[in-house]
Amino acid sequence: MTLKPALRTLAQSYTNQTLKQYQLSYHSKPLCHLHAIAVSPKSESFVSESRKSVIAHHLLDKTPQRDLLEYNHLLFEYFRNDRNNEAINLFVGLWRSGLQANGSILSSVLKVCGCLSDQVAGRQLHCQCVKSGCAEDVSVGTSLVDMYMKTEGVRDGRKVFDEMGDRTVVSWTSLIAGYARNGLNDQALELFSEMRLQGNKPNPHTFVTVLGVLAAKGMVEKGSQVHTMVIKNGFESITFVCNSLINMYLKSGIVKDAKAVFDCMPNRDAVTWNSLIAGYVINGLDLEAFEMFNQMGLAGVKFTQPIFVTVIKLCANYKELVFARQLQCCVLKSGLAFDRNIKTALMVAYSKCSEMDDAYKIFSMMQGFQSVVTWTAMISGYLQNGGTEHAVKLFCQMSREGIKPNDFTYSAILMARPSFSIGQVHAQVIKTNYEKSPSVGTSLIDAYVKMQNVHEAEKVFHIIDEKDIVAWSAMLSGYAQIGDTEGAVKIYLQLAREGVIPNEFTLSSIINACAAPTAAVEQGKQFHACSIKLRLNNTLCLSSALVTMYAKRGNIDSANEVFKRQGERDLVSWNSMISGYAQHGNGKKVLEVFEDMRRQNLEMDGITFIIMISACTHAGLVDEGKKYFNIMVQDYHIDPTTEHYSCMVDLYSRAGNLEKAMDIINGMPFEAGANAWRALLGACRIHRNIELGKLAAEKLIALQPQDSAAYVLLSNIYATAGNWQERAKVRKLMDERNVKKQPGYSWIEVKNKTYSFLAGDLSHPMSDLIYSKLEELNNRLSDMGYQPDTNYVLHDVEEEHKAAFLSQHSERLAIAFGLIAKPPGSTIQILKNLRVCGDCHTVIKLISVIEARDIVVRDSNRFHHFKDGLCSCGDYW
DNA sequence: ATAGGGTTAG
């Protein structure tokens, strides 16, 4: 029964008064129309739902005796329009009236029970069917199968099916569909074969069901076979069959075939377009999806709810604010303005575009109809836009209104640190039984890692029930962040053993872990190989991670190889490459890459300029550094942050222009942070400015009382000036505050084994040889006229001893060992956790001449390539 | 319809 526009007028003008008139002539046409209104789908909202139910009740209660046919008709209409509860009520009415339900009625009610997942009612009906003898009826049998399959009664459904004397295609299809909806895809496919073996011809619905199974399993080959069958059976022009074909091809990644089906269709409906658009999105063809949406509009097809949801989500991903607003207008015109899913999607889109007022407007208009989903959407919207306070307020308000947070809410709210303590949220998570949820667990892992508490993160990780790839990746990234290569590799091996397939995020984390100074170079290469095998090496995030890994592990050429091979690059790729060259002190290449970016009009960000300015700092190019700061502000309209000002302080400080550095500190629009003072302090030590050094140290110590660097630098300043009294005071302060100086370590890798050295270390089995090698070197150094620069010794001892202290710095021990253990002529690679001291820097330059060796030292800041008595850092570091 | 993991700097 379709509703004609004229009927709308009737419905709108309908009053109880008019109903009374119609009641008099029950069999007259208008009353049939009222039936139609009462059972009409909810989307046809020109009559309100409450009014429809008034009409329905009226019809039920006040109309004279009805016969089975009428009941049957009304029941079917209710069922068809998803009005299951009304259908049940009607059936109860029938039962009360003493009429004996026939097969068709029982069949309809069984279908309703299936939809309501009410097996208990279904079983009672089953008994009634048996008693009344209807169970023999094919349509009743089929409905019984359907009911059991929809109410978790797979076995019972199968039993009914097996015992059916007569079966139709519909019976077969119901069973196949039942298996499919219970995730038993293999059984569904088996049954499909069996059905055909027994000579049953599938109908269009059978094909739809089977294609759905094949789509879920991504079985394209079988899928195209079924496509052939569809054609043989002459169903290739049926719209809903084609829709399933399109869906199957797109879910299996065969975009071309899906488009071919689409192009050949004589009639397309909204589902067709939706399948294509949503399928394009699944396959990452976002722009094509936008284009098809456009064409759908041109084709004059009415947009439906799922289409809007899909396209609005696309807008969210692309921050397409203008388009999102246009879509909101379309939604209004389409009469879908009350749809909660669309509204939520719009809220998210506005949040992603940082239009929080618009998002909140939609949210507040939903008052009374909000659910945990809409609350969570709003809360995470604020969190992603830095509105932590709003988010926290909403979270509390939500609890006050009696809406319980779910796993989505908890994983979102864990970003609201430190407004919520992790401990509190963690406790709530445990109480509400969400601790096993992968998404909540992953957020907890991340939160603990960011607090440097990897131990707690590990505990959370072990509790997660079914660890998905995101959870594994989060744990890996935790180890990467603390530089624990071994821990990361262990986790990677574990996930590989469990058959989990890594994605680009997983691999970029493990590669990042291999960029740690202590990792063996070979390890990173192995994971590079893994990523090639998985064909992920060209993904954006992974190739950036590779560039960084190779650069940090000393292999700038491999880093450049990866960079050159990239088919697609983003800002991060370029930044990674520039920063690699900057760390290696290759100023020429830094400029080259930067100019490349500029010529191509590529986007640059604050990080690009931090790299550029600090590259200038290390090359002693003060004017150039200043130039880049100006380019950033004037040409690229990037607001300088505290970090940029700190870089400028560093630029002037290292060049010895301490006054200018102080000018920057005094002139910047923020309070100077720890980095600025630390830069100034370091320069004060080199340029021996005690007064300014004292000031910088005091500021730095006030900002970071537990950071040993400030104390050590200050004590170095006093030591350089020979002021041992003041120096002792600093040491005492460190003891009082329990601040520990970070010991200096150096590492060298020989034959895939890493050896570590402390200053004055005697633990190496070859110590004797190492120290005699050092002595030999020292003799040759004095022959060359080298004088130790004892300013770098921190103890109050005789000059002679000071020299001894210097010659036993950890990097020298490592180099001596390298000279002994590595074949002549090979490059010696050293890692150091602290900065190289000035004296060692001089000595290593000389050693590179004496021993005719290339020596590469990676200290806490950068690379030093020593060759022929020179260093790549140009003595700025 | 809502959520969690990754790559760049000092």
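Since this is a predicted model, take the numbers as computed values, not measurements.
The side chain of Ser473(A) approaches dG5(B) more closely than any other nucleotide in the set dG4(B), dG5(B), dA9(B). Of the listed nucleotides (dT8(B), dG4(B), dG6(B)), dT8(B) has the atom at the smallest distance from the side chain of Ser576(A). The side chain of Cys541(A) has dT7(B) as its nearest neighbour among dT7(B), dT8(B), dA3(B).
Within a 6.0 Å sphere centred on CD of Gln600(A), other residues, nucleotides and ligands contribute more than 12 heavy atoms.
Counting only residues at least two apart or in different chains, side-chain hydrogen bond (donor to acceptor under 3.5 Å, both in side chains) contacts with residues 471-483 of chain A comprise Glu458(A)-Tyr479(A), Ser473(A)-Thr506(A), Ser477(A)-Gln481(A).
At a threshold of 4.0 angstrom between heavy atoms, the contacts of Ser573(A) with the nucleic acid are absent. Within 4.0 Å (heavy atoms only), Asp468(A) reaches at least one base atom of the nucleic acid. In this structure, Thr442(A) reaches the bases: a heavy-atom distance under 4.0 Å links it to at least one base atom across the strands shown. Using a 4.0 Å heavy-atom distance criterion, Met378(A) is classed as making no nucleic acid contact. The residue Gln305(A) sits apart from the nucleic acid: no heavy atom pair falls under 4.0 Å. Using a 4.0 Å heavy-atom cutoff across all strands shown, Ser509(A) reaches sugar-phosphate atoms only and no base atom.
Side-chain polar atoms of Asp859(A) and Asn833(A) form no donor-acceptor pair below 3.5 angstrom. Counted by atom type alone, Thr641(A) and His644(A) present one or more donor-acceptor pairs between their side chains at under 3.5 Å.
Under the salt bridge (charged side-chain N to carboxylate O under 4.0 Å, His left out) criterion, Arg678(A) pairs with Asp707(A), not counting sequence neighbours.
Between Thr548(A) and the phosphate of dT7(B), there is no side-chain N or O to OP1/OP2 separation shorter than 4.0 Å. Side-chain N/O atoms of Gln370(A) include none lying less than 4.0 angstrom from OP1 or OP2 on dT2(B). Between dT2(B) and Lys313(A), a contact under 4.0 Å exists linking OP1 or OP2 to a side-chain N or O. Within the structure, a side-chain polar atom (N or O) of Ser579(A) is placed less than 4.0 Å from OP1 or OP2 of dA9(B).
Within a heavy-atom distance below 4.0 Å of DNA chain B, the residues of residues 401-409 of chain A found are Asn406(A), Phe408(A).
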